[in-house]
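Start at 1 with the first residue, then count along the sequence. As the structure lists them, so they are numbered: ligands from 1, and atoms in each ligand from 1.
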Amino acid sequence: MQRENFGSRFGVLVAMAGSAIGLGNLWRFPYMVGEYGGAAFIFVYIICFFLLCLPILIAEVTVGRRSRTNAFRAFEVLAPGSRWKWAGVLMVATPVIVVSYYSVIGGWSIEYFIKSCSLDFSSGAGAGQDIGTVFSSFISSTWLPLAYHTVFLLVTAAVVAAGVKSGIERFGKVMMPLLFVIMIVIAVRSVTLPGAGEGLEWLFRPDFSKIDASVCAAALGQGFFSLSVGFGIMLTYGSYISKDENIAVSSAYTAVSDLIFALIASCAIMPAVFVFGLDPREGPGLVFETLPFIFSNMPLGGLISILFFLALIVAALTSSISLFEVGVAYLMEEKGMSRRTASASIFAVTWVLGVLCSLSFGPLSGFKVLGNILFDFFDKLSANYLMPFGALLIVLFVGWRMKKSDIRSEFTNGGTLAGNSRIFPFVCFLIRFLAPAAIIVIFLSNLV
Ligand code: PHE
């Protein structure tokens, strides 16, 4: 069977950036900045991001493009007959778990988008007060979240079923520019609110005394999540990148757009949080509780609210598409399924798991796994354990198991990219030594 490829350089970028830019930027990054002390966190984050997360991304893409196959088979191709094939199993299983709860959050965004369109959040100060309760009673209800979860997952499956070039790439080419424009509009609105300076200062003037080990571990974990590394996703996308693309440059563009987007999202959110005298350390409720309150009280809030939740849906969709593709590529290449059947099968599995996650806020809240409701269990399992572990396997594989000459040839396109040849030893050093050490540190810090 002829393997599909991305059709253009811009297509590679929008697909990779589409995967990277998601709820992690719009929802998780701003509240992590809030919890871990503002600018100091951002400072540490940027350092970790380029010194550690970017090399890991390059390593993952290298495995994909070298093996030109799905995340399961890649390890078998590059290290035949070894135990590394278990790494492949993990790389396919993790995204299936993640997409099932990710699509539940995607579903919430649809509800909030519809609420915004019906001007539910823009009816003045009073309406905003009990938005926290509105949120908790919505997610713990039975049917509505399930319906939205289904819609969200159906759209994801439909785009993936349409193929790499005519589904994933085409969707990204329209949606990613739209996403940037929307977020810039919102950021401009937020930073021009009277009194926005305090929030900006909090975001960009670091207090270095706030930096400690927990800030570093949190920054690194956020970096992995945000760049979608350790899941087999970038590996799968890497396998669709043609041999004459420069993988270092594609990875660097992805990382830079992901970072810029996280910063724009923070500028869109934090100044407004300060203007309204709210607490930046709100945690996960920031997007669904604090923001609707702000939108309901600020000039042009109704419009901004519609735009924001539209952005949230788009960002979540391009990420869930990438998660979904990992399982689909596996079923197509390993089980001989057509793209449509494979998409329908992954849909069936993730739909059922997602239903259980969604119900775990309401009717199934009594069912606990290791003390967590199912949604939280999936979230913690993947973000705190499976993802760092996956990332560790990737860097160990590339740094210590693959032949150095193979990596060099992949990184430099057979020696034709002079700039890449020059930085190769440094990138190799980061992948072999610094990255594994840092991952083990966050791994341990998650255990205690
Ligand atoms: N990187 C995505 C985000 O920032 C999240 C994600 C993680 C997507 C892992 C796919 C895989 O939201």
Side-chain angles (χ1 to χ4, degrees), residues 13-33 45 48-49 53-54 56-57 60-61 64 71 90-106 108-109 152-153 156 159-160 168 171-172 175-176 179-180 183 218-238 251 254-266 269 284 286-287 311-329 346 350 354 378-391 394:
L13 174 66
V14 289
M16 287 176 67
S19 172
I21 296 172
L23 299 173
N25 306 60
L26 277 173
W27 163 72
R28 208 167 183 273
F29 185 78
Y31 87 71
M32 293 289 280
V33 174
Y45 181 79
C48 290
F49 198 69
C53 303
L54 175 58
I56 301 173
L57 175 64
E60 193 170 328
V61 175
L90 180 82
M91 298 288 151
V92 175
T94 311
V96 171
I97 294 181
V98 176
V99 81
S100 55
Y101 79 84
Y102 206 83
S103 61
V104 173
I105 313 178
W108 299 345
S109 320
F152 185 87
L153 208 52
T156 303
V159 174
V160 173
I168 301 175
F171 189 79
M175 293 302 170
M176 294 312 289
L179 193 58
F180 266 92
M183 287 312 291
L220 204 52
Q222 168 63 20
F224 288 174
F225 186 85
S226 193
L227 267 189
S228 314
V229 290
F231 281 87
I233 293 175
M234 293 304 189
L235 193 165
T236 307
Y237 276 9
S251 305
T254 304
V256 169
S257 25
D258 186 60
L259 178 65
I260 291 180
F261 197 85
L263 295 176
I264 296 178
S266 309
I269 294 175
L286 186 66
V287 164
L312 203 59
I313 298 173
V314 169
L317 266 178
T318 49
S319 296
S320 77
I321 286 167
S322 70
L323 287 156
F324 206 89
E325 172 64 17
V326 177
V328 169
I346 298 290
T350 49
F378 275 6
D379 182 37
K380 284 189 189 150
L381 177 72
S382 46
N384 294 352
Y385 302 101
L386 296 178
M387 194 181 48
F389 190 57
I394 297 270

- request: Look at the aromatic rings of F378 and Y101 and report parallel, tilted or perpendicular, splitting at 30° and 60°.
  value: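 Plane angle between 30° and 60°, so tilted.
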
message: Ignoring hydrogens and geometry beyond distance, is a side-chain donor-acceptor pair present between S320 and S103 at under 3.5 Å?
response: no

Residues S19 and S319: side-chain donor-acceptor under 3.5 angstrom: no

Just which atoms of ligand 1 are under 4.0 Å from any heavy atom in [X]?
{"X": "S226", "answer": "1 (N), 4 (O)"}
{"X": "S19", "answer": "1 (N), 2 (C), 8 (C)"}
{"X": "I233", "answer": "10 (C), 11 (C)"}
{"X": "A20", "answer": "1 (N), 2 (C), 3 (C), 4 (O)"}
{"X": "N25", "answer": "4 (O)"}
{"X": "L323", "answer": "10 (C), 11 (C)"}

task: Would you please name every residue forming a ring pair (Phe, Tyr, Trp, His ring centres under 6.0 Å) with F224, sequence neighbours left out?
output: none

task: Between S228 and ligand 1, find which residue part has any heavy-atom pair under 4.0 Å and reply side chain, backbone, both or neither.
output: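 Both backbone and side chain.
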
query: Taking atom CZ of F389 as the centre, does the number of heavy atoms from other residues, nucleotides or ligands within less than 6.0 Å exceed 12?
result: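 Not more than 12 within 6.0 Å, no.
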
query: Under 6.0 Å between ring centres, would you say that holds for F29 and Y45?
result: yes

message: Before you tell me yes or no, could you show the steps for T318 and I21 under side-chain contact (heavy atoms from CB on, under 4.5 Å), namely the whole-Å CA-CA distance, both residues' side-chain angles and the distance that decides it to 0.1 Å?
response: CA-CA 8 Å; T318 49; I21 296 172; 5.9 Å; no

query: Evaluating non-hydrogen atoms only, which member of A17, G24, G390 is closest to atom 12 (O) of ligand 1?
result: G24

- prompt: How far is atom 9 (C) of ligand 1 from its nearest protein heavy atom, and which residue and atom is that?
  reply: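 The closest one turns out to be F231 CE1, 3.2 Å.
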
Do [X] and ligand 1 have an N or O pair less than 3.5 Å apart?
{"X": "L227", "value": "no"}
{"X": "Y102", "value": "yes"}
{"X": "F225", "value": "yes"}

task: Measure the CZ-CE distance between F231 and M91 for me, rounded to the nearest 0.5 Å.
output: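 Between atom CZ of F231 and atom CE of M91 there are 10.0 Å.
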
